[in-house]
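Remarks on the structure that follows.
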Amino acid sequence: MLIFDFDGVLVDSVNEMSVSAYNTLTGELATSLEELPGNAGGLFRTNRYHIQTAGDGVVLMGWCMDHADKPLDYKMTEEEYQAQRQNAEGSMKDRSLRFFEVRKRFLDHDILRWRALNTPYRPLWDHLKSRGGEGVVILTHKNREAVMNLCHFYGLMVVSDNIFSGDLGVSKIDNLLQIQASFGQCDYAFVDDNIANLRELDGYFNRKQPIIRLLLAAWGYIGPDDQRKSDKLGYPFVSQDDVVAMLDNGHG
């Protein structure tokens, strides 16, 4: 059974996330990248690979706003990012919940502009559509309402019960446990673009014996050293064409 992360695997949502993170920090209602200061939006895209959750996105945007005069391709060091994260106010869960509230305000205010900041990854998206979206299972830190809205708008008719989301701060570990309980399969594979997520799941589920195969998406928000890390950890580094072939060979 093949399970998909959402942001960075099925949809390029980094532009929307950067605008929503900016709104979360400022209380404004920006609807485009052009409203962000200096190079903040571009820096957010360049450094998106550092973050795991919506709450972490708020932390990253704070840094991008403070350093909006830096070149677009400037990459934070891991030490810079962790220092920013440790000095952030409140818990990651609280920041994520606040981010989801602000995203909903944006969606309700101008749904067309909100959707326009999100783009499906092709050819994977089109292949999933051609198979019918009812069988697609999504495991994500994103909130369910946003996932459903984008999937249905772009023609992937996923079922709400097959979206295991980050609402209420639920972790990917807890959601994967729920997937196991719901589907009762013995063979799982998960595609994510964040190597920290994969390591977290690996440490929990594969401690005694392999239960889930972990795949790093080559097209998502991967860091400059992630391919080497994935090779060392034994996580296949897969392209969209690789995943399409897996689906065609009965792994979906």
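Heavy atoms only: backbone and side chains are in, while hydrogens, waters and symmetry mates are out.
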Spell out, as yes or no, whether a donor-acceptor pair under 3.5 Å connects the side chain of [X] to the backbone of [Y].
X: Ser182; Y: Ile179; answer: no
X: Glu35; Y: Thr31; answer: yes
X: Asp193; Y: Leu216; answer: no
X: Asp192; Y: Asp5; answer: no
X: Arg131; Y: Val136; answer: no
X: Asp226; Y: Gly223; answer: yes
X: Arg85; Y: Val59; answer: no
X: Asp202; Y: Leu198; answer: no
X: Gln185; Y: Met1; answer: no
X: Arg144; Y: Ile163; answer: yes

I need the minimum non-hydrogen distance between [X] and [Y], along with the two atoms involved.
X: Gly90; Y: Arg95; result: O-NH1, 2.8 Å
X: Leu97; Y: Gly169; result: CD2-N, 4.2 Å
X: Pro37; Y: Tyr22; result: CD-CE1, 3.5 Å
X: Val191; Y: Ala217; result: CG1-CB, 4.0 Å
X: Ala40; Y: Ala68; result: N-CB, 4.1 Å
X: Cys64; Y: Phe44; result: SG-N, 3.5 Å

Tyr204 atom OH, over 12 foreign heavy atoms within 6.0 Å =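 It does not: Tyr204 OH has 12 such atoms or fewer within range.
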Heavy-atom neighbours of Arg115 CZ exceed 12 at 6.0 Å |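 Enclosed: over 12 neighbouring heavy atoms sit under 6.0 Å from CZ of Arg115.
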Regarding [X] and [Y], do their side chains bring together a donor and an acceptor under 3.5 Å, going by distance alone?
X: Gln82; Y: Gln86; answer: no
X: Tyr154; Y: Asn118; answer: no
X: Asp241; Y: Ser239; answer: no
X: Asp7; Y: Ser13; answer: yes
X: Ser20; Y: Asn23; answer: no

Val11 with Val147, same ILVMFWY side-chain cluster at under 4.5 Å |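 The answer is yes; both residues are in one hydrophobic cluster.
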State plainly whether one hydrophobic cluster holds both Met148 and Leu112, where clusters connect Ile, Leu, Val, Met, Phe, Trp and Tyr through side-chain heavy atoms under 4.5 angstrom apart.
->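 Same cluster: Met148 reaches Leu112 through Ile, Leu, Val, Met, Phe, Trp or Tyr contacts under 4.5 Å.
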Pairing of [X] and [Y] as salt bridge, 4.0 angstrom limit:
X: Arg103; Y: Glu16; answer: yes
X: Asp108; Y: Lys104; answer: yes
X: Asp187; Y: Arg213; answer: yes

What distance do [X] atom [atom1] and [Y] atom [atom2] have between them, rounded to the nearest 0.5 Å?
X: Gln52; Y: His141; atom1: CD; atom2: NE2; answer: 5.5 Å
X: Asn143; Y: Asn149; atom1: CG; atom2: CG; answer: 10.0 Å
X: Asp12; Y: Arg48; atom1: CG; atom2: CZ; answer: 9.5 Å
X: Leu43; Y: Lys75; atom1: CG; atom2: NZ; answer: 11.0 Å

Taking the side chain as C-beta and beyond, is there a heavy-atom pair between [X] and [Y] under 4.5 Å?
X: Leu60; Y: Met76; answer: yes
X: Leu214; Y: Asn206; answer: yes
X: His109; Y: Arg105; answer: no
X: Ile212; Y: Leu176; answer: yes
X: His67; Y: Asn39; answer: no
X: Phe4; Y: Thr140; answer: no
X: Val14; Y: Tyr221; answer: yes
X: Arg122; Y: Pro120; answer: yes

Between Trp63 and Tyr74, how do the two ring planes meet: parallel, tilted or perpendicular, split at 30° and 60°?
->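 Rings of Trp63 and Tyr74: parallel, under 30°.
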Please lay out, stage by stage, how Phe205 and Tyr188 fare under the test side chain to side chain contact (heavy atoms under 4.5 Å, CB included).
-> CA-CA 11 Å; Phe205 290 96; Tyr188 296 93; over 6 Å; no
List in chain and number order the residues that pass side-chain contact (heavy atoms from CB on, under 4.5 Å) with Asn15, two or more places apart in sequence or in another chain; answer none if no residue qualifies.
->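 For Asn15 the side-chain contact (heavy atoms from CB on, under 4.5 Å) partners, ignoring immediate neighbours, are Leu33, Arg45, Leu117.
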